Number of protein chains: 2
Amino acid sequence: MQYDTTQATRQAQRNDQSHPVSADLIAVVIAVTNGEPRVLTIEQAQALPSGPFELDHRSLQSGLRAWVERQTGHLLGYIEQLYTFADRDRTGDARVQISISYLGLTREEQAERSPTHGWRGWYEYFPWEDHRVGAPPILADILMPRLLAWADVAEDLGVRRDRRQRVAYAFGLDDRGWNEELALQRYELLYEAALVPEATRGRDNGIPPAIPGRPMTADHRRILATGIARLRTKIKYRPVVFELMPPAFTLLQLQRTVEALAGRLVHKQNFRRLIEQQDLVEETGETMSDTGGRPAKRFRFRQTVLAERTVAGTKLPLSRA
Amino acid sequence: MQYDTTQATRQAQRNDQSHPVSADLIAVVIAVTNGEPRVLTIEQAQALPSGPFELDHRSLQSGLRAWVERQTGHLLGYIEQLYTFADRDRTGDARVQISISYLGLTREEQAERSPTHGWRGWYEYFPWEDHRVGAPPILADILMPRLLAWADVAEDLGVRRDRRQRVAYAFGLDDRGWNEELALQRYELLYEAALVPEATRGRDNGIPPAIPGRPMTADHRRILATGIARLRTKIKYRPVVFELMPPAFTLLQLQRTVEALAGRLVHKQNFRRLIEQQDLVEETGETMSDTGGRPAKRFRFRQTVLAERTVAGTKLPLSRA
DNA sequence: CTCATTATGCTCGCGTTGAGTATAACTAGG
DNA sequence: CCTAGTTATACTCAACGCGAGCATAATGAG
């Protein structure tokens, strides 16, 4: 190899200066059961499955799978990386902690009750995110007043305006409309405004902010918000919903799953049109007549789509010219 | 705090089992100069700026900025995380190496020539990615025959079909059309087919594959491909192009920058329409009359948009129902 | 003064998508 | 058996986004 020398130099330089860090793997594992999106938790629903990346892990992904299985007994299927961040103050010692988070999609199998781990509805952690039956009252009654108050306590006029604008944008004030993909921005605003317990934890300022929504260990709720936002974005351009569905399903079941994730309702006829014209599903031949009305055809996901369907939205006027 | 106990337990468990790893920060820094996308490199254009994450780095991002500045003298503006991966065999010792890669966008300032670092056109590394003047001949002449040959050497019929389909999809064969966002998939296919030197490096199989395109150290070219793909996707729904533009510019300059990144041309009138209707820019009042034709108005990016423009494409029939 | 060149405005046509209407096929209750 | 309630499924319509092309304006070079 022609550049052996320089590479060796850089490698040596690197090893001299590198410090040991420890790497944590954290999993946001999602399933949708009975039209409710659920997340796999441990420690009485206050933490996400996680553990250190170890030497005998073949890869980051397999390390994550091993930890999830060890802590919850659950085998993961589809996973994708979410985000990596570093935190010095987590463990207390001098070592820097790096956290690598993943999003996993599965189906909730036998619902075994365990005292330590289990599935929890994700709207328990983010009650303001469920708009399927309209905007939750806590938004107008509790969150918005406190957020706007927080914006207004700022000394600087510019900061005040900036805060108001970010709140208005993230929560769809005025005529902006609710955007379900901004779940992370909303949590971050609540954190910044010290309206969630995680923000004031450790500091002894006494007054815990009484905002609805269950907190989590460390920054796990923030990671969960990241996963929710990612999933809400992704279902719109990739057929990932099917990872959450049973082998056969009706179009309404599929729609309810999407609605559960998005936290809002969709137009039934248009949903069907979209699914069918994209050739995502095929009929199984059977019908379901459980739900009280006309029997629904059962569908299955067309495996063919898996490879090619990586499409990608286009917003630029790209042409062949 | 109510869950101190369990948290302490988990923390202890974690420290017991955690192994030291070293974390590397790797930067894909992009600028567009004279209509050419360029990447900041070190080691005679064969490596990306990188270095270990150290104790005195305040955060991953600041550590990355420090390394880029130390190695190239360049100060970074906008950066975003790309991907994190682990690699056991990189350093040789037992320690596991974690690499965290970032994408940075800037403008190429004073073009100081340095023997060790400098800006390189990114199409030097991926000559098959530039379709601004049509599909590069190397595609039909060299890459496609070899890729299809690779697909056909597979014993198993299923593997053969799978490879052919992936190649056809990634390279837009048949009627599929070229998709500039698949830069990473294309590089990965070339790697899998052992058509890039990086794939056979270290193994003494003698014959280096003579495919156009400059290789890089370790997996740096793969990381560059990741950055290119990310950027090509992102310019379509976020106003990140402006990070690459000077304070004032004409619409054609903006268009040329987008085209340089996308590797394909866009329809001029439609590009203007899109930019203007989104209120992304405002006139400065000046005009430019350098380029031989009617003088062009100069524009600047509207700062107002920064906060709110997080939009997000919608592919689901979301309704208020 | 003419031509080449770039800037800029405007129109057309098609496909996508939000939204609503109409009809079909069931179950439950009298 | 008939009716109301419920869900499934097929169409229709209008607005809008976007690819594509035509037309006109304003320069500099020769």
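Below, chains carry the letters A, B, ... as their sequence lines are ordered, and counting in each starts from 1. This is a predicted model, so every value here is computed, not measured.
As a whole-Å value, the separation of B:Glu283 CD from C:dG9 P is 9 Å. One atom, CD of B:Gln255, and another, P of C:dT6, lie 12 Å apart when rounded to the nearest Å. Residue A:Glu276 contributes atom CD, which lies 16 Å from atom C1' of C:dT17 at whole-angstrom precision. Rounded to whole Å, the distance from CD on B:Glu286 to P on D:dT27 is 15 Å. When rounded to the nearest whole Å, the span between CG of A:Asn270 and C1' of D:dT9 equals 13 Å. As rounded to whole Å, 12 Å separates atom P of C:dG15 from atom CD of A:Gln277. With rounding to whole Å, B:His267 atom NE2 is found 15 Å from C:dT8 atom P. Following rounding to the nearest Å, B:Arg298 (CZ) and C:dA7 (P) show an atom-to-atom distance of 13 Å.
For the side-chain contact (heavy atoms from CB on, under 4.5 Å) with A:Val167, the qualifying choice from A:Leu147, A:Leu190, A:Leu143 is A:Leu147, the only one to do so. Under the side-chain contact (heavy atoms from CB on, under 4.5 Å) rule, A:Leu103 has a single partner from A:Ile30, A:Ile223, A:Ile79, A:Leu224, which is A:Ile30. If you run side-chain hydrogen bond (donor to acceptor under 3.5 Å, both in side chains) between A:Glu180 and each of A:Arg264, A:Arg232, A:Arg186, A:His131, only A:Arg264 comes through.
Every residue two or more places apart in sequence or in another chain that forms a side chain to side chain contact (heavy atoms under 4.5 Å, CB included) with A:Arg161 is listed here: A:Leu157. Evaluation of the side chain to side chain contact (heavy atoms under 4.5 Å, CB included) rule for A:Asn34 yields no partner, not counting sequence neighbours. For B:Gln253, the side chain to side chain contact (heavy atoms under 4.5 Å, CB included) partners two or more places apart in sequence, or in a different chain, are B:Met245, B:Phe249, B:Thr250, B:Met288. With sequence neighbours left out, the ring pair (Phe, Tyr, Trp, His ring centres under 6.0 Å) criterion links B:Trp122 to no other residue.
Nearest heavy-atom pair across A:Gly35 and A:Ala260 is O-CB, 3.4 Å.
For A:Arg272, taking side-chain heavy atoms from C-beta onward, the closest of the listed nucleotides D:dA10, C:dT17, C:dT8 is D:dA10.
A:Leu252 comes within 4.0 angstrom of the backbone, heavy atoms only, and of no base.
Each of B:Arg273 and B:Gln253 was matched to the nucleotide of DNA chain C holding its nearest heavy atom; the match closer to the 5' end belongs to B:Gln253.
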Show me the protein contacts with nucleotides 22-26 of chain C, counting only N or O atoms at under 3.5 Å.
from	atom 1	to	atom 2	distance (Å)
C:dA24	N3	A:Arg294	NH1	3.2
C:dA25	O4'	A:Arg294	NE	3.4
C:dA25	N3	A:Arg294	N	3.4

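For the pair A:Lys268 and D:dT7, the criterion of a side-chain N or O lying under 4.0 Å from OP1 or OP2 is not met.
Relative to the axis of its first five pairs, the axis of the last five pairs of the helix from C:dC1-D:dG30 to C:dG30-D:dC1 sits at 10°, rounded to 10 degrees.
Looking only at atom types and distance, the side chain of B:Tyr187 has no donor-acceptor partner in the side chain of B:Gln185 under 3.5 Å away.
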